[in-house]
Amino acid sequence: MRVTFLGILIALFLGIAECVKQNDFKKCQQSSFCRRLRSLSDRKTNSSVWESPYAITRGLEQLGDEAASYTWKLNNRLAPEGIAFDLAVDVLKDGLIRLRVDESGGLYQRYNQTASYILVDQPELMQASSVKITSYDDVDNLAFQTSTNQPMELKVYHNPLNVQLKNAQSGEILVDINGESLLHMEHFRHKDAEDTDNNSAFTWHSEQPFEDPNTDGLWEESFNNKPDSKPKGPEAFTIDINFPSHSHVYGIPEHASPLALPPTDGSSPRRVPYVDDPKPYTEPYRLYNLDVFEYEANSPMALYGSVPLMHAHSPRSSLAVFLLSAAEMWIDVKHPTKESTSTQWISESGIIDLFLIPGPTIEDVFSQYASLTGVSQMPQEFSLGHHQCRWNYFTSKDMLGVVSGYDSIDAPVDVIWLDIEYSDGHKYFMWDKKKFPDPVDMINKIASKGRKTVNIVDPHLSRDDEFYVFNEASDKEVLVKKPDGQSEYEGWCWAGSSSWVDMFNPASWDWWISLFKFDKWKDSTPDLFTWVDMNEPAVFNGPEITMPKDTVFYGGVEHRDLHNINGILFANLTSQALEQRQEKNSRSFVLSRSFFAGSQRFGAVWTGDNLGTWDHLRSATPMNLANNIGGIVFTGADVGGFFGNPQPEYLVRWYQTGAFHPFFRAHAHIDTKRREPYVLDEPYQSIVREVLRLRYSLLPVWYTSFRENTQTGLPILRPQFVVHPSDAGGFDIDDQFYISDSGLLVKPVVHEGAQSVDVYFAGEEPYYDYFTHEISLGSKHKGRRKSFFADLESLPLFIRGGSIIPSRQRARRSASVMSKDPLTLTIALDKNGNANGRLYLDDGHTFDYQDGAFIDRQFTFKSDRRGWTLTSSEIVPGDSYEDGNEVFIERIEVLGLKAPPKEIKVDGRPLEFSWEDGTAASSNKEDTASLLNIKKPLTKIAHDFKIIA
């Protein structure tokens with residue numbers, strides 16, 4: 001019976017996986033709360049007498065004498081008597097603003113616990129003495145300074161309610177809230193009330209009311225014959241947030257859309273680089289974590305993750321807004337003028353919990369947002385290598401064969417993955433012993449080659465009385481309940497009849513962590529790591545392939561209130577489990593499909609079940625850039641595309657692209673042909689092998705980039721607008737990117753048959769081709785495009801002048817055997833003959849770096865009339881990383897010098913060098929750069945040094 005059921009599931013999956021079934025997922029008009037509240041915008045447009053019914057009825061009250069926390073009483077004049085709201089404003093220590101609107105004294109408590117799961121700490125308030133308050137003519141003005149000493153003003157207008165954040169120095173309005181008078185919060189009410197607000201909340205300023213409010217999805221609705229009982233009735237809210245002086249908005253992942261968010265009102269997008277004939281969006285961007293396999297490559301449809309963070313950017317300043325709601329959300333974007341953006345946010349439930357992140361620089365925005373949701377964990381170094389996965393490697397012999405296959409062509413790989421078929425009947429934590437008779441022996445054999453193993457653990461539990469995990473969860477009463485709040489919810493997933501762990505129940509936390517302990521999961525080792533999949537959650541027979549919204553979680557909370565943060569709790573607890581499964585202080589590695597703001601603290605994510613098409617290859621970079629500016633920096637996509645049998649050209653281009661995403665994993669569907677690099681014909685096999693080796697040579701750059709993120713919150717993949725914030729010509733560019741602050745610029749080749757690509761160069765500095773050392777020039781005032789030859793073996797990769805790139809050039813089979821390898825420094829000089837770079841090293845797997853066991857070095861190259869010097873100095877002292885004392889520099893390359901030196905010395909010792917004539921960085925010519933090659937300086941990386949010429 002089990003085999004028969006599995007066969008049926010796979011057949012169904014293969015059948016629906018031919019393309020995304022649009023009818024499986026709602027559009028706004030099919031979601032009652034979106035339909036009701038989105039229409040306010042149209043109704044306002046068609047009304048000549050529109051005004052907001054929300055007004056402050058009692059002025060500012062300060063909560064205590066020391067902290068900058070204030071409240072106002074807020075009324076909706078269309079609501080029945082006795083219905084009121086509280087407006088709370090906190091000025092946070094860094095100058096952020098937290099604005100909350102909640103129903104006061106309502107029939108039910110609105111869900112308000114999202115922040116407790118997402119924020120790293122309770123935000124610290126600014127001292128009240130640092131906020132100057134002026135009240136006049138029904139306006140309260142709060143004046144303060146950000147941590148960057150930027151003077152700001154928050155104006156709270158009473159009637160109608162309008163909140164504006166202004167730059168006090170320039171007078172520029174940065175954020176305008178309820179300026180369009182679209183704010184509305186549906187208050188709780190009784191279903192059987194004789195007069196449902198006289199329909200006022202639903203006929204607001206309209207001669208034509210909605211359908212009967214008692215039947216228009218207020219108290220119940222269904223989708224594809226799947227009902228939603230809605231026991232609390234309507235509880236949605238909408239709020240308009242405008243950016244009057246910012247032309248571009250970015251973020252709110254996850255969507256397969258351009259990075260610069262196109263408008264959703266049917267007007268033409270500015271640019272869609274990967275679609276020849278872009279169709280205007282007419283649907284809002286949806287944030288509702290869903291299992292949307294084979295998603296469209298250019299669409300505002302909801303996908304696997306949700307980060308309700310939107311950046312607004314102009315050549316003058318950057319800022320962001322963060323609406324902390326875990327419920328389903330829809331966001332409209334419009335451009336009333338070329339220089340402004342207006343947005344409407346619609347959420348199904350919860351309170352309005354809005355953070356205004358003022359900037360004003362792009363660096364400030366990332367730092368301020370990181371203060372709320374945190375930064376990436378420092379990853380295990382192996383996880384930055386190459387990962388090989390498919391659904392499925394079916395036996396231990398198969399798994400070991402993959403390792404041998406890579407070794408047979410001398411290509412590096414760090415992790416071999418197992419999808420769902422490793423388990424006994426999809427009962428996770430239980431291996432299928434017919435296929436994997438001795439899992440520990442298999443994992444140890446893979447580890448002996450310097451590689452790790454990852455297997456999947458889905459959150460659905462087979463309702464099998466012989467499955468100990470399900471029995472324990474049921475006995476502990478930590479399973480999600482049906483709408484009655486008593487009996488266990490039952491749905492269907494890979495395991496057949498299944499139940500789901502309620503991670504919001506504190507009783508589930510220690511229990512889940514215990515499942516990974518070696519004394520309990522005996523078929524596990526320290527070299528086995530975890531992939532959490534299907535954690536949206538995916539439910540095959542549920543509405544929109546997820547769990548019904550009226551199922552009940554801990555504390556009687558409905559699924560609708562917390563849907564989007566379900567996945568992050570599984571990533572969080574699994575990460576803790578891997579850290580606590582042994583006494584040794586080893587870091588975790590967890591890959592999660594579903595994510596939310598803050599997921600960066602718990603591991604990696606990827607863009608889900610993509611297609612093996614050129615459109616999906618083109619969409620991968622904008623999606624990963626959007627994740628990165630949303631704080632989710634450890635991100636990638638299925639290399640090769642999950643579905644389909646790619647042609648060799650396509651597969652090569654995918655590896656060239658994926659090798660420059662932080663998470664680099666090849667993955668394929670169960671129905672695809674094998675496409676591991678070692679099964680490719682020549683020349684494709686050799687091309688892919690060289691791409692893999694290039695990735696590994698740059699592991700010092702990737703690892704240093706993560707260290708920087710942990711300190712600044714800046715993204716690892718950086719779009720053009722982040723690196724060149726005042727160059728408006730780059731604001732729409734999302735098909736090339738920089739790797740952190742390293743100076744590396746990547747332009748993936750993502751069109752079939754391409755022989756050339758155009759690269760956009762901005763800024764005054766020269767750019768050097770990473771491989772040929774050809775110089776290209778930017779432009780001081782406006783970027784320029786330059787065409788480059790790009791046959792199949794070509795990978796457009798450049799170093800911005802002024803950068804120093806650390807690398808390891810010895811070909812190895814995995815990251816773990818490279819930890820003591822010597823380093824090469826590539827120095828690309830700026831127009832003044834100077835350069836800077838950074839290198840961070842630690843043991844790559846423990847938390848010892850938190851106690852000083854690391855090396856963090858700053859390299860500085862300075863030129864003057866007498867010659868030049870290269871120095872290495874500590875950025876942050878770290879003196880207990882013993883292996884670091886064995887790492888030395890074996891070669892230094894300097895690009896762009898005017899002339900060869902007469903001699904080079906380090907600590908009085910002469911160094912051997914060679915010289916190749918070429919163009920100097922300062923010559924303002926586009927030609928091959930001069931190359932100085934310093935051989936075997938043999939300076940230890942852990943020590944300060946000065947090389948003089």
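A quick note: this is a predicted structure, and the numbers were derived from the prediction, not measured.
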ask   = Backbone N or O of I739 within a donor-acceptor pair of the S742 side chain at under 3.5 Å?
value = yes
query = Under 3.5 Å, is there a donor-acceptor pair between the side chain of R784 and the main chain of L777?
reply = yes
key: Stepwise ring-ring contact (aromatic ring centres under 6.0 Å, His included) check, F706 with F634   = CA-CA 9 Å; F706 272 87; F634 199 178; 5.1 Å; yes
Donor-acceptor side-chain pairing of T607 and E254 below 3.5 angstrom = no
query = Should the pair K747-D758 be classified as a salt bridge under the 4.0 Å nitrogen-to-oxygen rule?
reply = no
inquiry  = So if I apply the side chain to side chain donor-acceptor pair (under 3.5 Å) rule between S318 and each of H248, H313, H246, which one comes out positive?
reply    = H313
request  = Report the C-alpha separation of L372 and I357 in whole Å, then their side-chain angles, then the decisive distance to 0.1 Å, and conclude whether the side-chain contact (heavy atoms from CB on, under 4.5 Å) test is met.
outcome  = CA-CA 10 Å; L372 299 175; I357 302 172; 4.3 Å; yes
ask   = Quick check: does any side chain N or O of N628 sit under 3.5 Å from a backbone N or O of L717, one acting as donor and the other as acceptor?
value = yes
ask   = How far does CZ of F243 sit from CG of D176, to the nearest 0.5 angstrom?
value = 10.0 Å
ask   = So do the side chains of L319 and L356 get within less than 4.5 Å of each other, counting heavy atoms only?
value = no
query = Under 30°, 30 to 60°, or over 60°: which ring-plane class applies to Y285 and Y281, parallel, tilted or perpendicular?
reply = perpendicular
request  = Grab the two heavy atoms, one from Q150 and one from P360, that are nearest each other, plus how far apart they are.
outcome  = OE1-CG, 3.6 Å
remark   = Closest heavy-atom pair, L165 versus P358, reported as atoms and distance to 0.1 Å, is CD2-CB, 4.2 Å
key: side chain to side chain contact (heavy atoms under 4.5 Å, CB included) partner of L745, chosen from Y770, Y760, Y738, F737   = Y738
task = Give me the ring orientation class for H563 and Y288: parallel if the planes are under 30° apart, tilted from 30 to 60°, perpendicular past 60°.
result = parallel
ask   = Taking atom CD1 of I331 and atom CD1 of I346, what is their separation to the nearest 0.5 Å?
value = 9.5 Å
ask   = How about K93: does its NZ atom have over 12 heavy atoms from other parts shown lying under 6.0 Å from it?
value = no
ask   = For the residue pair L287 and P253, what are the closest heavy atoms and their distance?
value = CD2-O, 3.4 Å
message = Restricting to non-hydrogen atoms, name the atom on R286 and the atom on H255 that form the minimum distance, rounded to 0.1 Å.
response = O-NE2, 2.7 Å
task = Taking the side chain as every heavy atom from C-beta outward, state whether R800 and V723 have any pair of such atoms under 4.5 Å apart.
result = yes
ask   = Above 12 or not: heavy atoms from other molecules or residues under 6.0 Å from NZ of K782?
value = no
message = Given F798, which partner from the list F660, F788, Y767, Y768 fulfils the ring pair (Phe, Tyr, Trp, His ring centres under 6.0 Å) test?
response = F788
query = Would you say F355 and Q368 make side-chain contact, with heavy atoms under 4.5 Å?
reply = no
query = So, D240 side chain and E180 main chain: donor-acceptor pair closer than 3.5 Å or not?
reply = yes
request  = For residues N178 and L183, report the shortest heavy-atom separation together with the two atoms involved.
outcome  = OD1-N, 3.0 Å
inquiry  = To the closest 0.5 Å, what do you measure between CD1 (I804) and CZ (R838)?
reply    = 13.5 Å
request  = State the OG-CH2 distance between S347 and W330, to the nearest 0.5 angstrom.
outcome  = 12.5 Å
note = Shortest non-hydrogen pair, S787 vs S756, comes out as OG-CB, 3.9 Å
message = Donor-acceptor pair, distance only, cut-off 3.5 Å: does the side chain of D735 make one with the backbone of R618?
response = no
ask   = Is E172 paired with R316 through a side-chain N to carboxylate O contact shorter than 4.0 Å?
value = yes
inquiry  = If I take atom CG from residue D94 and atom OG1 from residue T146, how far apart are they, to the nearest 0.5 angstrom?
reply    = 8.5 Å
query = Can the ring centroids of F596 and Y117 be said to lie less than 6.0 angstrom from one another?
reply = no
query = For residues E339 and S314, is any side-chain donor paired with an opposing acceptor at under 3.5 Å?
reply = no
request  = Tell me whether the centres of the aromatic rings in F595 and F602 are closer together than 6.0 Å.
outcome  = no
key: Exam field: side chain W50 to backbone S181, donor-acceptor pair closer than 3.5 Å   = yes
request  = Could you tell me whether a side-chain N or O of N162 sits under 3.5 Å from a main-chain N or O of I177, the two making a donor and an acceptor?
outcome  = yes
ask   = Looking at side-chain heavy atoms only, is the closest gap between T621 and D734 below 4.5 Å?
value = no
message = Please identify which of these residues, F366, F322, F731, meets the ring pair (Phe, Tyr, Trp, His ring centres under 6.0 Å) condition with H311.
response = F366
Side-chain heavy-atom pair T238, L40 within 4.5 angstrom cut-off = yes
message = Nearest 0.5 angstrom please: S130 OG to L142 CG, how far?
response = 12.0 Å
